[in-house]
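One structure below.
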Amino acid sequence: MRNDRVFTVRDMLQRPVFGRARLAAGQEGLNRQVGWVHVLEITNVSPFVSQHDLILSTGLWLQSEEGREAYLMQLINREAAGLCVEFGTSIHAIPESLIKLANLHQFPLIVFEEPVRFVEITQDIHSLLINHQHQLLKSLETYSRELQQRTLQSTDLSAVLELLHTYAAKPVVYISSMEAGSFVPGLAPEMEQAIHSWYSREVEQLDLNDSDTELWFHMDEGTSLLCYPVVCFGQVFSAIGMIVHPSAVVEYLKLLLDYTAKAAAALTLRSQFLEEKMVRNQNELIQELMNDQIQQEEQARTRMGLRLLVKGQYWFAGGILEIEHRMKGTGRERMEANHQDILVLLRSLLKKNHLTSLVMLKNNQVYLCCAKEEARTTSQQQLMQLLEGITQDVKRFASTNLKQVQIHAGFGKLRNQLTRLKDSLQEAYQVIEVARSVKPMKHVHFYDRMGIYQMLKAMPPSFLQTFAMDHLGVLIEHDQNHQLRLVETLDAYLANFGSKRDAAAQLFVHRQTLYNRLEKLEELLGTDYMQQDKRVCLEMALLANAMIEGGDELSP
């Protein structure tokens, strides 16, 4: 008995208990699935009928002409499997109007020419259905055990795909963002290409919050791909599916796919964790690059595993992900587990995005170097977009799955030389420091997007503090004594290009309140503070003050 088969009205008519039955209407609906059988003798049947129910009746509802068609339409609309009517107890014939209605909707209408024992029918059919369900559960249990054995024996996914193919008796498909896909057995090249294109378009960027677990790709009238995503750390890294007919019953196949997708996720994670044991060479290379111990560019690229280019060049991005544990009392074991989860996810995302990379975890910081071969003038922008997406995915995972863990990220300027990784990492530090101390910059991850803060970070902190105090000290002191928020008012006034209306709106104060504060600013700074040279100094001092206040507030 095939586990993925279903029982139809045609199958029911072959049972001995239907030996004295005949089909009165609905010849075209004999392939309707039968999921259960029960007796109903009421006229309002809709609340008590489920999809695939086969209904038994003595036809009491036929004794009155009123409501006959409505009764039958209730069964049709509820997608019942069919209706069996017994002659001799209440009625002796089916009205022609009902036969026409049943034929119109391809709804099987079966009659027993003489009274029968409904209990014998229900016992026979229920035994058949329950036995089949039992066999299906046994098959799934066996599959689960064999699947577990194979995943424990090896990380090779091909053995899992072969097992799925054996149980499903359907062509099996495995598509991955990180490795070549597999087809068991092989499909026509154009079909494989169509599946890969669909995966890249629909599955790779899947938002798991807005979609069902199962995915369908209808290739033509007779061929569909039923697919389940393989999810690790809330990310889709691959998908497992099988080729089925669009009208096939797939409940059993869905369960097989669900089991297999979870097993594939476990294998993916195990493979990634195993890779963590093989990163010593990467750690050594990053450490040597950070310490300026490698001077030859070719040597550094060879050790990173990059091929030598005849023409063109590589772009290298150096960055840091800082892991902040914000919950007091977090144990060392919990921290290490969080670090490892983030590291595995990061490596998987880099692999998924086809970025050659070096990754090293040291304390609570992940040092990162990515390489992308220049294919066109937009390669730099593409690399930054990929890194931005990866950073957001890691941040999203940490905020959703790790308790009070926050990720801070920064990337230095993109360079053509791997040996300048140290410079990129120093810039990455600056990005993180500015993002943490300056509220408007908290979402900035790249040194190239820091703007004026590049120059401010290049200055010694003592000089910045002195500069800020030279130009804003009188306002800071006044605010400490009188709470007039003059520094904030000056910042809003300059940011809005001297517009009093916009500045008042930003500060959420009445226009007259702003006028009073502006008068005080003129009194303390001089009437010429809006002149270009002085205004520029004040703007720079405000930026420096905001950056310093992220750590320690300025004092006079």
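Because only heavy atoms are used, hydrogens play no part in the values below, and waters and symmetry mates are left out as well, while side chains stay in.
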Determine whether Q313 and E374 satisfy the following criterion, side-chain hydrogen bond (donor to acceptor under 3.5 Å, both in side chains), listing intermediate values before the conclusion. CA-CA 6 Å; Q313 59 187 349; E374 184 178 59; 3.2 Å; yes

Test side-chain contact (heavy atoms from CB on, under 4.5 Å) applied to M191 and I195, step by step: CA-CA 6 Å; M191 185 177 289; I195 291 173; 4.2 Å; yes

side-chain contact (heavy atoms from CB on, under 4.5 Å) for V184 and L164? Distances and angles first, verdict last. CA-CA 9 Å; V184 184; L164 176 61; over 6 Å; no

Using the side-chain hydrogen bond (donor to acceptor under 3.5 Å, both in side chains) rule, take H218 and S224 through it: C-alpha gap first, then chi angles, then the decisive distance, then the call. CA-CA 4 Å; H218 301 289; S224 289; 2.6 Å; yes

Give the C-alpha distance, both sets of side-chain angles, the deciding distance and a yes or no for ring-ring contact (aromatic ring centres under 6.0 Å, His included) between F112 and F18. CA-CA 8 Å; F112 292 92; F18 280 83; 5.6 Å; yes

Does the salt bridge (charged side-chain N to carboxylate O under 4.0 Å, His left out) test come out yes or no for E427 and R415, once each step is laid out? CA-CA 12 Å; E427 292 163 353; R415 290 179 164 85; 2.7 Å; yes

Assess whether side-chain hydrogen bond (donor to acceptor under 3.5 Å, both in side chains) is satisfied between Y174 and S158, documenting all intermediate values. CA-CA 9 Å; Y174 174 73; S158 61; over 6 Å; no

Does the side-chain contact (heavy atoms from CB on, under 4.5 Å) test come out yes or no for L361 and Y367, once each step is laid out? CA-CA 6 Å; L361 173 65; Y367 296 88; over 6 Å; no

Show your reasoning for whether side-chain contact (heavy atoms from CB on, under 4.5 Å) applies to Y167 and T142. CA-CA 10 Å; Y167 272 77; T142 304; 3.2 Å; yes

Give the intermediate values and the outcome of salt bridge (charged side-chain N to carboxylate O under 4.0 Å, His left out) for residues K262 and D258. CA-CA 6 Å; K262 288 181 172 62; D258 187 42; 2.7 Å; yes

Decide side-chain hydrogen bond (donor to acceptor under 3.5 Å, both in side chains) for Q235 and S348; before the verdict, give the C-alpha distance in whole Å, the side-chain angles of both, and the deciding distance to 0.1 Å. CA-CA 9 Å; Q235 297 289 320; S348 301; over 6 Å; no

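In terms of the side-chain hydrogen bond (donor to acceptor under 3.5 Å, both in side chains) criterion, Y447 has no residue partners (sequence neighbours excluded). Not counting sequence neighbours, the partners of E336 by the salt bridge (charged side-chain N to carboxylate O under 4.0 Å, His left out) test are R332. Shown here are the side-chain hydrogen bond (donor to acceptor under 3.5 Å, both in side chains) partners of E120, two or more places apart in sequence or in another chain: R117. Applying the side chain to side chain contact (heavy atoms under 4.5 Å, CB included) rule to D220 yields the partners T223; only residues at least two apart in sequence or on another chain are considered. Every residue meeting the side chain to side chain contact (heavy atoms under 4.5 Å, CB included) condition with Q51, not counting sequence neighbours, appears here in chain and number order: E79. The salt bridge (charged side-chain N to carboxylate O under 4.0 Å, His left out) test applied to E141 returns R145, not counting sequence neighbours. With sequence neighbours left out, R78 forms a salt bridge (charged side-chain N to carboxylate O under 4.0 Å, His left out) with no residue at all. Residues passing the ring pair (Phe, Tyr, Trp, His ring centres under 6.0 Å) test with H126 are W36, sequence neighbours excluded. Q106 pairs by the side chain to side chain contact (heavy atoms under 4.5 Å, CB included) definition with E28, not counting sequence neighbours. Not counting sequence neighbours, the partners of N77 by the side chain to side chain contact (heavy atoms under 4.5 Å, CB included) test are M73. Partners of Q392 under the side-chain hydrogen bond (donor to acceptor under 3.5 Å, both in side chains) rule, at least two apart in sequence or in another chain, are E388. Every residue was checked against the salt bridge (charged side-chain N to carboxylate O under 4.0 Å, His left out) condition with R10, not counting sequence neighbours, and none meets it.
Closest non-hydrogen pair, A261 versus P229, comes out as CB-O, 3.8 Å. When all heavy atoms of A239 and C227 are compared, the closest pair comes out as CB-SG, 3.7 Å. Contact detail for D393 and L345: the closest heavy-atom pair is O-CD2, 4.4 Å. A pairwise comparison of heavy atoms in L425 and G318 identifies CD2-C, 4.1 Å as the closest pair.
K395 contributes no side-chain N or O that, together with a main-chain N or O of H408, makes up a donor-acceptor pair within less than 3.5 Å. Distance alone, capped at 3.5 Å, places no donor-acceptor pair between the E322 side chain and the Q365 backbone. Remark: side-chain polar atoms of Q74 are paired, donor with acceptor, to backbone N or O of S46 under 3.5 angstrom. Remark: the backbone N or O of F397 is paired with a side-chain donor or acceptor of N401 at under 3.5 angstrom. A donor-acceptor pair under 3.5 Å is absent between the side-chain atoms of D53 and the main chain of H38, judged by distance alone. Looking at T400, its side chain does come within 3.5 Å of a backbone N or O of R396 through a donor-acceptor pair. The backbone N or O of I407 sits nowhere less than 3.5 Å from a side-chain atom of E324 that would complete a donor-acceptor pair. Under the 3.5 Å distance criterion, the side-chain polar atoms of H165 are matched with a main-chain donor or acceptor of K170. Under the 3.5 Å distance criterion, the side-chain polar atoms of E192 are matched with a main-chain donor or acceptor of L187. Proximity of a side-chain donor or acceptor of T260 to a complementary backbone N or O of L256 within less than 3.5 Å is detected.
Residues K403 and R326 have side chains not in contact (no heavy-atom distance under 4.5 Å, counting atoms from C-beta outward). No side-chain heavy atom of M327 sits less than 4.5 Å from a side-chain heavy atom of V405. Side-chain contact between V366 and V359: present, with at least one pair of heavy atoms (C-beta onward) separated by less than 4.5 Å. With a 4.5 Å cut-off on side-chain heavy atoms, I175 and H196 count as touching. Considering only heavy atoms from C-beta on, V160 stays 4.5 Å or farther from E162 through its side chain. Counting only heavy atoms from C-beta outward, the side chains of M360 and Q282 never approach each other to under 4.5 Å. In this structure, the side chains of I110 and V85 stay at 4.5 Å or more apart for every pair of heavy atoms. Considering only heavy atoms from C-beta on, Y228 comes within 4.5 Å of K254 through its side chain.
More than 12 non-hydrogen atoms from other residues, nucleotides or ligands lie less than 6.0 angstrom from NE2 of H354.
Taking the six-membered ring where tryptophan is involved, the planes of Y314 and F316 are tilted, since the angle between them lies from 30° to 60°. Below 30°, between 30° and 60°, or above 60°: for Y143 and Y259 the angle between ring planes is below 30°, a parallel geometry.
Just one residue in the list E298, E288, E284 forms a side chain to side chain donor-acceptor pair (under 3.5 Å) with R303, and that residue is E288.
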